[in-house]
Structure formats: structure tokens, C-alpha cells
**Student:** 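So that we are looking at the same thing, I have put the structure below in C-alpha cells.
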Amino acid sequence: MKVIIAEKPSVGREIARVFGANTKREGYIEGKGYTFTWAFGHLLQLAAPQEYGYYGWSVQNLPMLPPKFKLSIRKVRTKEGLVDDPGVKKQLDIIKALFDEATEIIVATDAGREGELIFRYIYYYLKCKKPFKRLWISSQTDAAIKDGFRNLKPGSDYDTLFNSAHCRSQSDWLVGMNATQALSLASGNKGVLSLGRVQTPTLAMICARYLENRDFKPETYFQVAIFPDKDGQSFKAIADKNFKTREEAQAVFDGVGPTGNIASVEAKPRKEPPPLLHDLSSIQQEANKKKGFTADQTLGILQNLYEGKLVTYPRTGSRYIGDDVFAQVPGLIAGLTEHSDFGKQATVLADAKLSKRSVNAKKVTDHHAILPTGEKPWQLSPDQQAIYDLVAGRMLEAFHGDCIKEITKITITSGHKFIASGTVIRTAGWRAVFNDPEDDKKDEDNAALPKVTQGEDLPIKEKTILEKQTKPKALYNEATLLKALETAGKEIEDEELREAMKAGGLGTPATRAAIIETLLTRNYILREKKNLVPTPTGLAVYQVVKDRRIAQAELTGSWEKRLEEIRSGASVNEFQEEIKAYTREITQELLRSGKAVVLQPA
DNA sequence: GCAAGGTC
């Protein structure tokens, strides 16, 4: 008997279906001489410190450097404290029984570092010795699955991938557990002050932005605006530069005559391509902006829709689909023609040539972008409907045509040079789907400008001096923080360039919501309206760690570089020794400097 | 009491 093990039930069932196996058992499916089973993500984790004999929280134990790491069953929190997750225990027993019967194992966990780790931890925990082969596919269409099974790889081809995954896991444990205990103990052991490779740089980003915002000194500046009139339609034009003093502005203001002369009119079309399909992070940002949902709420609702088979796998980091999935898109679009909000756009799109901007098999990583499955939604709650609509609506947008705008710039002379700019949408294209007002519109912009010709003189009906202030960068909210985490704090507006930077991001799509929740649970940050702001505790922790590597996104970057080298065969030992050395160093530093964190009474 | 990673 051959046993196929997937990372999660949905994939296990999908593969079984392709094989035509349909005898459903508890925790697995049988048929055609195969058995299909699955994990639920990580079933095993590195054991807690006490399992190596480090009892309690004590300076004497630090740094904790277990000579050999142990694995333990994933835990859940109950009234009695942490206990083995019963569902996980049960599935692990099922897997053990199947592995015992197996002649061969086929590893079908996700094609990536963590997928490899999920299987290997199970295999080694169960002390299994059966031979295994690896299925390596990046899309779960029938063709991709069949093709993958014709090209199974020797399991040992992925030994170095496992090594890199295991190193990632151990390094996070060593640095996180030790730094957390060191800081907590140094500050008087009055509560948990957690630190980690991902959570601490995230906290640092929130604190740095908060302080920058708080200490920002606004500067006053002046603008001069005139309102020329063309056949009863007046529009706003602004002096071509801003002024530091009211006197300078006043001089320009006084120089404005009764009429203005049209010096030039420029009108040029600008194409705005459709947005890419959603990955988890982008839909979390969108749901936060449009509906005020937290990242965690959006993930929960998506998981729900996914379990109801209404949307594809949500924890994806890719905004692309392959050609095989693209072949199903016309059918999915046709299925939306009855939708109450954008059925009309689905109908329009059904006869149109589809944009292929989101189609690129090379940019599909473990999972493709989020799509509706084509199943008809039924009795959705308002929140579920809202998220479903973001998925379905984005699909329509992504395959729609460009939005074509006309950008008009009119230069008017009246003592000084004034500029009026206006944007008019000529062809809505993808923007017709939601028909939302644009969020990045500048207030200098006129919606529409009257037709004027060069050389014309227009009466100026009104003129004014505007007193304005420079503004600090906005505090982070969940949407802007998620976006910043994707590029580790570097602000990159261009959507495609940001895609290319993803390898250098902080955390993964599946974990970012949890990171934000951890910072909230630790009372490091709180939600103030939609903003995320640090608490006094968060700021105190930040002050202690801000110049240390643990607070910098570059720590992840430098680890990732080494992990990639390990994947291609470099020494594991050397990296592990470096991590141990760093663990000793950060532990000592925190024990010394952590006293500075004085916890505020709650 | 603690990390980050995955998922029901």
C-alpha cells in the first residue's frame, strides 16, 4: 500500500479525487490501491524549555541551548493550561497506523520549506523508516497533479531543504525563548515581555512611526488659488509653487489681475492597468480599508469561506494564477452574472478579451491567488458576503480592461503662473466593478475642467490665500502595517516591484495576522480607532532593543540568505554555531539592559 | 508564562 500525505485535508481530498479514490474513512481516503491522508499544518513543534530540564524562568538557565531538540505534539490552551491538541493527537495516530502499513510514502505537503518540515517532523517523530518520494507541484489542477505523480522525486532530494527548514525553526526558538526570558527576568519578572525575529521588528516599526509622528514639527506654508471662470463654470488653479511666508503669498495674490491668460493646455490619456488578483495580505488590507475588519477577522472569515468551498486556499502569498487555472476563469465570470452588485460587469466581461496581467505560472508559489471556486454562495452572513464580494469583485477587476483617464493640465498667467489640473475617467474599465471613489486623489485636483483654448483670457471670479501645514507620516493601521511587513518597512508603491521584494518581507502571509494579535496580547500595542499605537510597555521595550539586531528586519534577511545557502548544500553546523553565539550575546545584553523596562501598572 | 511556522 502506498500512502500519500498532504499538508491539509483539502489537498488530500483533491488528490484522492483525481485518482478516483472515494472510500472515506476517519482521517483518510482509500481507493485504487492508495491511501490518502493529511496533516493540519504543523502537527509537531519544538518542545518547550521544561522538556529539556529548564524548569521555571530563571537566569541560571540562560541561555538555554538544548544539545538536541525534541518534538512534541501541538498544544492548545485550556483551563488546565497547555495540553496536547486532541484533534492533532488523533490524526497523528491515524498517520502512524497508515505509515506502519505502508510500503512507500508519497510526500504531498506544500512545495516549500515549511511543507517539507511538516512532513519530516511527523516522519521523525513517528520514527518511521519507510521509503518516501516527493510530489512537487505548484498548482492543484488535475493535470498538474497527474503530471506531478509521473515525476515523483527521490525523497532525499529534499534533505537540504529540510535542513534549512529545521535551522529556521531552531533559530527562532533559540533567539525567541532566550530573549523573551532574559528581558522578562531583567525587568523584574512581572509579566511576559516577548521578543522574536518577526514580532520585535514589527513592534519597532510601529514605535518608530509613532514617535516620528508625535515629534513631528508641522511647518506652515501658503498657497495662492485663483478661480477663473469659463462660461459660468469656474475651476481652481494654484500658484506653481508654495510660499514659506504670508508676505510672499500676499505679493502674488496682489499681482493677480481681473483676468487670466491661458498659456497652455495639455491633455493626455493615461492607462491604468487592472489590479492584480488578491493574495491574503492584499485582501486583508482591502477589507481593513473598506470594512474596518482586522487582519485576523479577515483571515477567519476567509478560512470559513474556504471550508465552505466557496473560495480557493486563502493563505497564499501569490497574486497570480497559472494558465491551467486561467482556463477556468471564463466559467467563473459567467457564474457571477446574477450577482446583485456586479452581475452587470460580469456580463460585460463575459464577451470581452480578458487581461492576462494576473496570469503568470512562474509567479505562482505554493498556492495561486485567491479566486471564487464557482460554488454558489448560500446564506452568507453580512461579513462573509463582504469578504466573498471582495474576492469575486477583484476577479472581475483583474481580468477587466485598463481604466483610461484623461489628465488635463492648464497653465494660466495672471501676474504669476497658476496651474489647474484635472482628471477625468474616459473609460472606466476595471474601475466599473466597484465604482469606488479613488483614495489617492489630491485636493488640488478638479474633477473636470471646462474646455479652454490657448491664448484665451478668462475673468477671475475669486482669489484666495490658503494657509496649510506640512503633515507627518500617518500612524500605522492594519492595512498600512501589513503592506509595510511585505517589504520589511521599505515603502514601495509600485505593485510589481513590491511583488519582487516579497522574499525580503517580515513573516509570511499565514502568520502576519497572528503577529499583530501577539503584540496586542502582550499589551505592547493597542488599537486607537483604526490606528495601531504603542503602549508605554511597548515603547519601553522598544527603547531597550531598538539598536539591536533583534529589532531589525535585516536579521530575517541575513538568516534567509544563509538558509538559502543551506538549501543549496552549505554547512548547517556553521550557521547553528553562529546562532548559538548570537543567542548568548543577545541574552547577556538583555539581562544587563532589560532593567530599563519598568512596567506601568495596568 | 516564552518563537515562528502551519492549519482546523
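Chain A is the first sequence line, chain B the second, and so forth, proteins listed ahead of strands; every chain is numbered from 1. Quantities reported herein were computed from a predicted structural model and do not represent experimental measurements.
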**Student:** A48(A) or L43(A): which one's nearest nucleotide on DNA chain B is closer to the 5' end?
**Tutor:** A48(A)
**Student:** Any donor-acceptor pair under 3.5 Å linking the side-chain atoms of S164(A) with those of E564(A)?
**Tutor:** no
**Student:** Under 4.0 Å between a side-chain N or O of Q45(A) and OP1 or OP2 of dA4(B)?
**Tutor:** no
**Student:** Taking atom types as modelled, find out whether R25(A) and T35(A) have a side-chain donor-acceptor pair closer than 3.5 angstrom.
**Tutor:** no
**Student:** Please confirm whether Y313(A) and H368(A) have ring centers closer than 6.0 angstrom.
**Tutor:** no
**Student:** Considering every strand and a 4.0 Å limit on heavy-atom distances, what is the contact class for Q181(A): base, sugar-phosphate, or nothing?
**Tutor:** base
**Student:** Could you tell me if S169(A) and Y121(A) have a donor-acceptor pair between their side chains, going purely by distance under 3.5 Å?
**Tutor:** yes
**Student:** Given atom CD of E114(A) and atom C1' of dA3(B), what is their separation to the nearest angstrom?
**Tutor:** 12 Å
**Student:** If the cut-off is 4.0 Å, is R522(A) near the phosphate of dA3(B), judged by side-chain N/O to OP1 or OP2?
**Tutor:** yes
**Student:** Are D389(A) and Q385(A) close enough that a side-chain donor and a side-chain acceptor fall under 3.5 Å?
**Tutor:** yes
**Student:** Using a heavy-atom cut-off of under 4.0 Å over every strand shown, decide if P9(A) touches base, sugar-phosphate, or nothing.
**Tutor:** sugar-phosphate
**Student:** Of the nucleotides dC8(B), dC2(B), dG5(B), which has the atom closest to the Q303(A) side chain?
**Tutor:** dC8(B)
**Student:** Rounding to a whole Å, what distance do you find between L299(A):CG and dC8(B):P?
**Tutor:** 10 Å
**Student:** Please check: side-chain N/O of D84(A) versus main-chain N/O of P86(A), any donor-acceptor pairing under 3.5 Å?
**Tutor:** no
**Student:** Using OP1 and OP2 only, check whether a side-chain N or O of R197(A) sits under 4.0 Å from dC2(B).
**Tutor:** no
**Student:** Verify whether one side chain among Y306(A) and T312(A) offers a donor that lies under 3.5 Å from an acceptor in the other.
**Tutor:** no
**Student:** Is L46(A) touching bases, backbone alone, or none of the nucleic acid, heavy atoms closer than 4.0 Å?
**Tutor:** base
**Student:** Let me know the distance between CG of L44(A) and P of dC8(B), rounded to the nearest Å.
**Tutor:** 16 Å
**Student:** With a 4.0 Å cutoff (strictly under), does any side-chain N or O of T511(A) reach OP1 or OP2 of dG5(B)?
**Tutor:** yes
**Student:** Using a 4.0 Å heavy-atom cut-off across all strands, classify G115(A) as base, sugar-phosphate, or nothing.
**Tutor:** nothing
**Student:** I'd like to know if the side chain of Q170(A) reaches the main chain of H166(A), judged simply by a donor and an acceptor atom lying under 3.5 Å from each other, with no hydrogens or angles considered.
**Tutor:** yes
**Student:** Would one find a side-chain N or O of S194(A) under 4.0 angstrom from OP1 or OP2 of dA3(B)?
**Tutor:** yes
**Student:** dC2(B) C1' sits how many Å from L174(A) CG, rounded?
**Tutor:** 13 Å
**Student:** Verify whether one side chain among S282(A) and D279(A) offers a donor that lies under 3.5 Å from an acceptor in the other.
**Tutor:** yes
**Student:** The side chain of W57(A) is closest to which nucleotide in this list: dG6(B), dA3(B), dC2(B)?
**Tutor:** dC2(B)
**Student:** How long is the line joining NZ of K75(A) and C1' of dG1(B), in whole Å?
**Tutor:** 15 Å
**Student:** For DNA chain B, find the residues of residues 575-588 of chain A with a heavy-atom distance under 4.0 Å and give them by number; none if there aren't any.
**Tutor:** none
**Student:** Contact class for Y54(A) vs. all strands (heavy atom < 4.0 Å): base, sugar-phosphate, or nothing?
**Tutor:** nothing
**Student:** Output the rounded distance in Å from NE2 (H42(A)) to P (dA4(B)).
**Tutor:** 14 Å
**Student:** Where along residues 156-173 of chain A does a heavy atom come under 4.0 Å from DNA chain B, residue by residue in number order?
**Tutor:** R168(A), S169(A), D172(A), W173(A)
**Student:** Under 4.0 Å, counting only non-hydrogen atoms across every strand here, what does Q91(A) touch: a base, just sugar-phosphate, or nothing?
**Tutor:** nothing
**Student:** Taking the side chain of T518(A) as heavy atoms from C-beta outward, which of dG6(B), dA3(B), dT7(B) is closest to it?
**Tutor:** dA3(B)
**Student:** Within 45° of the axis and under 6.0 Å from the centre of the six-membered ring of Y476(A), does NZ or CZ of R209(A) qualify?
**Tutor:** yes
**Student:** I need the CG-C1' distance between L82(A) and dA3(B), as an integer number of Å.
**Tutor:** 14 Å
**Student:** dG6(B) C1' sits how many Å from I5(A) CD1, rounded?
**Tutor:** 13 Å
**Student:** On the six-membered ring of F36(A), is R13(A) placed so that its NZ or CZ lies under 6.0 angstrom from the centre and within 45° of the ring axis?
**Tutor:** no
**Student:** Reckon D110(A) touches a base, only the sugar-phosphate, or nothing at all at heavy-atom distances under 4.0 Å?
**Tutor:** sugar-phosphate
**Student:** Compare the minimum distances between each of dC2(B), dA4(B), dG6(B) and the side chain of T508(A), then state the nucleotide with the smallest one.
**Tutor:** dG6(B)
**Student:** Below the 4.0 Å mark, does dC8(B) have OP1 or OP2 next to a side-chain nitrogen or oxygen of R315(A)?
**Tutor:** yes
